[in-house]
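What follows is a single structure, written as structure tokens, with notes after it.
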Amino acid sequence: QSVLTQPPSVSAAPGQKVTISCSESSSNIGNNYVSWYQQFPGTAPKLLIYANNKRPSGIPDRFSGSKSGTSATLVITGLQTGDEADYYCGTWDNSLSASFGGGTKLTVL
Amino acid sequence: QLQLHESGPGLVKPSETLSLTCTVSGGSISTSNIYWAWIRQPPGKGLEWIGSIYYDGSTYYNPSLKSRVIIVVDTSKHQFSLRLSSVTAADTAAYYCARDDPSYYYGTQVGDAFDIWGQGTMVTVSS
């Protein structure tokens, strides 16, 4: 199963831009789509990005995703205090299973 | 609007079987090209996919849990269920059910989007 690596934490000031990386040593990200999820404490995760860079209806365009090689990136622009949450990347594995990264805690200073 | 709701015991004894049910409302569980997933999250830790099921009963499981997991679907009740056997304290977690919308490229699955989630239910394994 894929091992997706995310930084444990990132921080930035309101109004700024933050990037969260998701990397993998094998080829699963390179061959498959990446999704991103936002989770506030005590609540269920919410889909932010799917198929590398697509946003579900209702997700602001401040959130964007990209992929290059075996790494993916979530970018949040115009940071708001309400964006403070945990963020998880996910991908599909060539061994027919889904996996998630360890999560990144975003702090808005 | 599609909603998912988990139900089941909040406390399970070690070595016993954890059983949870997810009820789908506001939409059909028999939707083409949609799977239904179980995902868990131990306290203070990250997400772990357990497995997914199609309305025809076909399943995919996390290889690390496969020997202990069974997911079944009951389309007449609009429900799918998780059974995890021989539980230990390591299985203590919030368990979520979710709609699993896969992406395909020339017929090969290349991604998942867990786009609708239940609120989750906490299960503690303890004697």
Side-chain angles (χ1 to χ4, degrees), chain A residues 1-9 20 22 24 27-59 63 65 67 72 85-105, chain B residues 1-6 22 34-54 58-67 69 71 93-122:
Chain A
Q1 197 178 17
S2 297
V3 176
L4 304 179
T5 302
Q6 299 181 234
S9 63
I20 299 174
C22 174
E24 188 203 29
S27 62
N28 289 294
I29 285 183
N31 294 332
N32 297 305
Y33 289 153
V34 174
S35 54
W36 289 91
Y37 302 85
Q38 176 191 57
Q39 185 182 33
F40 296 107
T43 68
K46 175 183 180 181
L47 179 67
L48 282 182
I49 299 288
Y50 68 99
N52 300 332
N53 54 20
K54 294 180 171 54
R55 284 186 306 274
S57 174
I59 301 300
F63 296 90
K67 189 185 79 169
D86 294 326
Y87 292 83
Y88 294 90
C89 61
T91 195
W92 179 248
D93 192 286
N94 293 332
S95 63
L96 304 184
S97 64
S99 58
F100 294 98
T104 298
K105 181 177 180 59
Chain B
Q1 184 178 358
L2 190 75
Q3 293 185 319
L4 287 72
H5 181 73
E6 305 90 348
C22 182
I34 291 294
Y35 279 71
W36 304 93
W38 286 100
I39 297 162
R40 70 179 183 178
Q41 185 173 35
K45 296 187 178 181
L47 302 170
E48 180 179 36
W49 175 75
I50 299 171
S52 296
I53 190 165
Y54 197 56
S58 56
T59 52
Y60 292 109
Y61 294 135
N62 184 323
S64 68
L65 297 170
K66 188 173 184 177
S67 64
V69 172
I71 299 176
Y95 285 77
Y96 297 97
C97 59
R99 190 174 81 163
D100 179 358
D101 186 1
S103 299
Y104 297 92
Y105 183 76
Y106 287 100
T108 299
Q109 185 168 351
V110 293
D112 278 291
F114 301 105
D115 59 355
I116 301 172
W117 296 64
Q119 64 185 19
T121 187
M122 185 67 200

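Keep in mind that this is a model prediction, so the values were computed, not measured. Convention: sequence-line order gives letters A, B, ...; per-chain numbering from 1.
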Answer with side chain, backbone, both or neither: which region of B:I39 has an atom nearer than 4.5 Å to a non-hydrogen atom of chain A? side chain
Which atom pairs, donor and acceptor, lie under 3.5 Å between side-chain atoms of residues 101-109 of chain B and protein residues at least two apart or in another chain?
residue : atom : partner : partner atom : Å
B:Q109  : NE2  : B:G111  : O            : 3.2
B:Q109  : NE2  : B:D112  : OD1          : 3.2

Can you say whether B:F114 sits under 4.5 Å from chain A via the side chain, the backbone, both, or neither, judging by heavy atoms? both
Taking only residues two or more places apart in sequence or in another chain, which ones pass salt bridge (Lys or Arg N to Asp or Glu O under 4.0 Å) with B:R99? B:D115
Name the region of A:P41, side chain, backbone, both or neither, that has any atom closer than 4.5 Å to a heavy atom of chain B. neither
Between B:E6 and B:G120, is there a donor-acceptor pair closer than 3.5 Å when you use the side chain of the first and the backbone of the second? yes
Hey, what's the ring geometry for B:W49 with A:W92, parallel, tilted or perpendicular (30° and 60° as the breaks)? perpendicular
